[in-house]
Each structure stands twice: as C-alpha cells, then as structure tokens.
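Every chain is numbered from 1 and lettered A, B, ... according to where its sequence line falls, protein lines coming before strand lines.
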Amino acid sequence: MNAAQIASVLNRLADLMELNGDNPFKVNAYRRAARAVENSRVPLSSLEGGPEQLPGVGKGTAAVIREIMETGRSKQLEELKEKLPEGLPELMSIQGLGPKSIHILYNRLGVTDVEELEQAVKDHRVRELPGFGEKKEKNILDGIRQYRQQPGRSLLVHALPVAEILLRRLQDNADVQRVEMAGSLRRMKETVKDADLVVATEDPESVAEQLVSMPEVIQVINQGETKVSVLVSFGFEIQVDVRLVAPDRFITALHHFTGSKEHNVRIRQRAKEFGWKVSEYGIFDPESGRELTFNEEEELYRMLHLPYMVPELREDRGEMDRQKENLPDLLEPEDYRGDLHMHTRWSDGTASVKEMAEAAMKRGYEYICITDHSQSLKVASGLTADDLKRQREEVDRVNDELEGITVLAGIEMDILPDGRLDFSDEVLEELDVVIASIHSSFKQDRETITRRILNAMENPHVHMIAHPTGRLINRRDPYAVDVDRIFETAAQTGTVLELNANPNRLDLKDTHLKRAKEEFGVTFTINTDAHSPEAFNFVRLGIATARRGWLESSDVINTLPLHRLKERIGKAR
DNA sequence: GCCGTTTTCGGCCCGACTGTTTTCAGTCG
C-alpha cells in the first residue's frame, strides 16, 4: 500500500462516518490524517516513531493507518460498509443534499439509493420530515435530474479560452477596474466545474447587465448584487460565475475565490494564530476593529508571515507547512527550450519535418525532436527501420537548411503486448532520442502491464517513457500500472518520465509528478506530442501541470541547452 | 479524533444562501 492508497482508505472511512452521523470533527480528523499521509515528505514506512509523527495524526488514526499498512484493510471501514447501504454515498453527489439530510432520509424513510429517493419525493413522503418541506422536495428532484445529466467537469483547454474571451470583454467595460480569473481555472487544474471570474467595480449592476446580455448566454442562473451566474455556450456549455466586488476588496475576494477550499481553511487557521479573522472581505482584527485590504496578493501572505504562494500551489499539499526556502522555485515558461515528442506526415501528423521545425523556431525553441510512431502501430502508419533511415536523411537536410534550431531524430516506439520492444538495439542506437510507450493491450493486469514498462526502462537505449499511465481525462482510466514501481525504476535506470502536455492526457498528472520527484527523485520531460504545429500551444498546459506538481526547472530536461540535454539522455551504460 | 508558551477540556474556518424556521440548521464554495 502506498501513501495515496492509504489516504484513499482514510477518506473513504471519513465519507462513511459522515453518512453514519458521526461527530463532524471526528470525520474531519480522518480527512486531515488522510491529507497528512498524502503530503508526507518521507514514506510512511521510514517514519521513525510511526504515523503519529505526522501533523493531525494521533493515537486513533495512527492505529488505523498501521492496520491498513499491515493488513491492507480496515476493520472499521468494513463494518461501516456492512452497516450502510451501498447506494448511500452516491447520494452525496446530489446538489443540496449533505450528510445530515441523507442520514435522516435513510433512518426515517429507509431511502438507500437515488431511485428510492426519487420515489419518496414523488410520494411526498420527504416533505413530512423535520427540516424538510415542499421546496426542499423540489430542489431534491432538480438535484437528481442534474446528477443524472452529469454535465461533468470541463477540460482546462476548453474552459481557459472561454474565460479569456470574457476577461477581455470585461476589461473593455469602463465600469470594470480590475478583473481576474479565479477558482480552479486560475489554479490551472486539469478539469474545472465552472469558470470563475472576480471583477472590481463601483457599478455592479452595469457589469451584471453586460454579462447576462452576452449572445452566448443560454441561461441566467443567478443575478444578484454580488454574483452573476450564467450558462454560456461556446460550442460546449459551461457555467460562468462572476463575483462583483468593491475595488478595495478585490484582492481579498480574488484570494478567497481562487481557493482551493482546503488552502483557504489553512489560511484562516493561520490568521487565527494572530487573533485575526480572514474572509473574502479582508483580514479583520476583532480587537482594534480594523479591517485590512490589499493591493496585491503578496501583501496578504506577508501579513500572515507566509511566503507568497502562486495559485498552482494552493491545494494544501504541504505548501502551508514549508518555510520560504523550502517552497519550490517553480518552472517558468521561459525556461522551456524545446519539445522532444512530436509527429509528422511520416506517421500520423499533419505537417512535414520542416514545417514543424519552422513553427518551433517561431516559438523560440532551440531544438525539437521528431518522434513518429514505430512499425507495429499500423493505425498510425508506424515507421519501419528502413523508413527511419530515410527520415534521418530528411532531418539532416532540414538541419542544413534552417539556422538557429536543431532537429533531433527520434522515435516513439511501441512497447509490444508481450513486453518486447518494436525495434532491435541496433536500430535504436542510431537514434538521438528513443521514447517508449504503450498503445495496445491497455487492459492487461497490473503485473503484466507494469512489467512491460519496466522492461522498456531497463533497456539502455530507451531514454523516456511517454504518457506513463495512459489515462485520457474523462474518457479512459489509466492502465492498471503500479506507478511507484515505475518511479523507482525510472530513478534507478535514469529513464526520464514524460509529462505529456496533450490536454486530454496531462500524464503524468500533478500529484504523480510531486511524489515521483520527492519520494523517488525522478527526472521529467514535458512534451506536447504535437501532431500539428498548432499543438505546440499545449505546452502551456504541460508547464502549468508541472507547476502544480511542484517541479522546478532543474527537474525537467527540456530546460537544458542542447549539449547538456544530450549528456543527460545518454544513459547507455 | 486531535490539540494546547493563555487551555489536558473545549474548542475545532468563514460567510452567504436557502428553507425551514420564531432563532436556526444544513449546504455550499
């Protein structure tokens, strides 16, 4: 059991305890313990003095953690699972229903799943319960309908341009003094539920009017003094929440609505240590009655004697417990010197080698690497060893023609279902960069598919593993791969792991990056896997994800000048 | 369940909003 798995058991335990009607503070204690396990800088097994060394872990939760580590199970969890109907946790995802309501519905009406809840509402049995009424019944019905439609979370790559369009429109409004994105969008999470914006204005009414009268608005959900929510359609539907605040409260509101919720909790606890109160309106000193507002977020953090934390770090994944010098000096877009994974018309790309190189030059890259698919990937017109030789000639020609960029010749080679590689060592050693990846037999069991990737990493000619877990966000689960063994072997063999910046992949994801770096010392590469010149733009998402994973410039080989890059990937021993 | 240079007991983050309520509980972000 790794840290993430133990944390997941603790969280599950907290969910069920909550439904069981346990003391909310106890529930919260389990959630805190889960976060502590997940955020621990040292593996649990090497914690001298045991889990109770972690902040928020005491005798009780430590015993549970020990039990999970030793047996892989939790007796408490099994008892709760036994006691509570299977369908109950699902009810938590219905808007407006929380643990208290579900507890009552279950105990008084015997409601155990969504269908029974719907029936109970239709029979008007729910309105008879204490604390419920007619309106609540209607809300529950709406909640069920919404839950079944599941609009789900939007990909960052879709939501970001919408928010940017709205941002520009608001900036053009003379009544708007400042406007910024907030929420998970500003934190650059891989998916977002809605697009949050914060606006500083003296005239909220006029701004609200502008928002609700935009042509893309298909529904006004809420139009109040301080908040406008609209459903817009830009080829896909997304909810946009705009907060309207007085200019002097802009920064505290921006901070509050940027979140995350967990980070905000820690910020408010911190303020309390000084006897202050933090809210979206400012920092309030109950003694003097003074309320502080700010011009920049940096001042807010300084006020709390904290180092400034960029939005990508605000997840309560340890950032609040670090001194300034222990916070990462995050990777910046300017550090990025070249893309090492892309396709051309030789396989399934849309552009030539030269067109890709020219597009890369325009972006100021110092180098790129052409990595078309290998022979076994027939659907993508994979290249044979012979094709590779001819492609190398074309790469050489482009290098002669173009000044200021170096084109490397590589391959994205399939790891075959039986674990063999698609080319012999003799073919591989001719190439500048060898990326290995999986494009078939995704459904293999954990051991088989993990072994497949380990094999590839153990080959001295394989420099990198592309999209190591194979997940497609919202569409396909990761392979059953044991990521910890991948990280461990990557560190041992010097194999570089990819953060694939394709917006559907972002693989490795933020939490993997952080753990692979901190616990295993893995080195990474960020590549777009571009199949066209336009796709180079995705690097922005890759860099944002890397920042969410606490990566610094020195963790990512794409920040190296060419000669040092060559040294780094020359792992043949 | 956890925690303590004001506390080993009595707290545990803040405010808006809604719907159920004559003063508040639950949910949400």
Side-chain angles (χ1 to χ4, degrees), chain A residues 10 13-14 17-36 51-65 76 91-105 126-140 142-143 146 182-187 189 192-196 198 221-227 229 239 241-245 249 252-284 286-287 291 304 314 316 320:
Chain A
L10 290 170
L13 207 42
M17 291 194 304
E18 194 170 35
L19 286 169
N20 193 40
D22 285 2
N23 178 348
F25 297 111
K26 179 179 168 183
V27 174
N28 193 37
Y30 275 78
R31 297 226 162 95
R32 268 181 70 197
R35 253 205 313 283
E52 39 277 87
Q53 296 305 111
L54 298 173
V57 176
K59 254 173 59 190
T61 45
V64 178
I65 293 168
Q76 237 190 109
L91 297 180
M92 284 291 286
S93 6
I94 290 169
Q95 195 63 244
L97 277 191
K100 294 271 165 50
S101 308
I102 295 172
H103 193 64
I104 293 174
L105 287 163
V126 172
R127 64 179 63 174
E128 308 299 332
L129 296 172
F132 289 76
E134 239 177 280
K135 283 205 176 140
K136 207 129 192 202
E137 276 192 342
K138 190 189 163 298
N139 285 345
I140 291 174
D142 285 345
Q146 234 178 42
S184 45
L185 202 57
R186 181 157 179 250
R187 304 198 312 278
K189 247 184 113 162
V192 302
K193 192 159 75 64
D194 48 28
D196 286 309
V198 179
I221 298 164
N222 188 326
Q223 182 178 358
E225 278 279 288
T226 60
K227 175 181 169 177
S229 296
Q239 182 172 330
D241 288 348
V242 185
R243 314 283 168 160
L244 308 164
V245 302
R249 288 179 162 169
T252 48
L254 176 65
H255 181 267
H256 178 83
F257 291 113
T258 296
S260 65
K261 195 178 142 215
E262 291 76 14
H263 180 81
N264 284 353
V265 167
R266 295 295 305 272
I267 287 285
R268 292 191 286 258
Q269 284 169 342
R270 173 78 180 180
K272 246 183 134 164
E273 292 171 21
F274 297 96
W276 300 329
K277 212 170 58 173
V278 169
S279 77
E280 60 203 85
Y281 300 120
I283 293 184
F284 181 70
E287 296 227 329
E291 190 159 302
L304 297 171
R314 301 180 197 168
D316 192 24
M320 285 292 290

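Listed nucleotides: B/dG15, B/dG19, B/dG29. Nearest to the side chain of A/K135: B/dG19. Distances from the side chain of A/P99 to the nucleotides B/dC14, B/dT27, B/dG1 place B/dT27 closest. When distances are taken from the side chain of A/Q269 to each of B/dC3, B/dC13, B/dG29, the shortest belongs to B/dC13. With B/dT18, B/dC13, B/dC17 as the candidates, the nucleotide lying closest to the side chain of A/R268 is B/dC13. When each of B/dG1, B/dG15, B/dG19 is scored by its nearest atom to the side-chain atoms of A/F25, the top-ranked nucleotide is B/dG1.
Between the NZ atom of A/K272 and the P atom of B/dT6 there is a distance of 15 Å, given to the nearest Å. As a whole-Å value, the separation of A/I267 CD1 from B/dC14 P is 13 Å. B/dG1 atom P lies 18 Å from atom CG of A/L54, rounded to whole Å. Separating the CG atom of A/D241 from the P atom of B/dA16 is a distance of 17 Å, rounded to the nearest angstrom. Rounding to whole angstrom units, CD of residue A/E273 and C1' of B/dG11 are separated by 15 Å. Distance CZ (A/F284) to P (B/dC13): 19 Å, rounded to an integer number of Å. As rounded to whole Å, 18 Å separates atom P of B/dT20 from atom NZ of A/K100. For the pair A/E134 CD and B/dT18 P, the computed distance is 18 Å after rounding to whole Å.
Listed pair A/N139 / B/dG19 meets the phosphate criterion, a side-chain N or O lying under 4.0 Å from OP1 or OP2. For the OP1/OP2 pair of B/dG15 and a distance below 4.0 Å, the side-chain nitrogens and oxygens of A/K277 include at least one atom meeting the criterion. Within the 4.0 Å cut-off from OP1 or OP2 of B/dC13, not a single side-chain nitrogen or oxygen of A/S279 is found. OP1 or OP2 of B/dG29 has at least one side-chain nitrogen or oxygen of A/K193 nearer than 4.0 Å. Contact check, A/K227 against B/dC17: no side-chain N or O comes under 4.0 Å of OP1 or OP2. Using a 4.0 Å cut-off, no side-chain N or O of A/T226 falls inside it from OP1 or OP2 of B/dA16.
Nucleic acid contact class of A/V278 (heavy atoms, under 4.0 Å, all strands): sugar-phosphate only. Residue-level contact check: A/I94 touches the backbone only, with heavy atoms under 4.0 Å from sugar-phosphate atoms and none from bases. At the heavy-atom level, A/Y281 lies under 4.0 Å from the strands shown only through sugar-phosphate atoms.
B/dT7 adopts a syn glycosidic conformation, its chi angle falling within 90° of 0.
Between A/F132 and A/L97, the residue whose closest nucleotide on DNA chain B is further toward the 5' end is A/F132. Two residues, A/E280 and A/G133, neighbour DNA chain B, and the one matched to the more 5' nucleotide by heavy-atom proximity is A/E280.
Look at A/R249 and A/E291 and you find a salt bridge, because one of the NZ, NE, NH1 or NH2 atoms lies within 4.0 Å of a carboxylate O, short of that distance.
Between the OG1 atom of A/T258 and the CZ atom of A/R314 there is a distance of 5.5 Å, given to the nearest 0.5 Å. Atom CD of A/E52 is separated from atom NZ of A/K59 by 10.0 Å, given to the nearest 0.5 angstrom.
Under the Watson-Crick or G-U wobble criterion, with both distances below 3.5 Å, B/dT8 is left unpaired in every strand shown.
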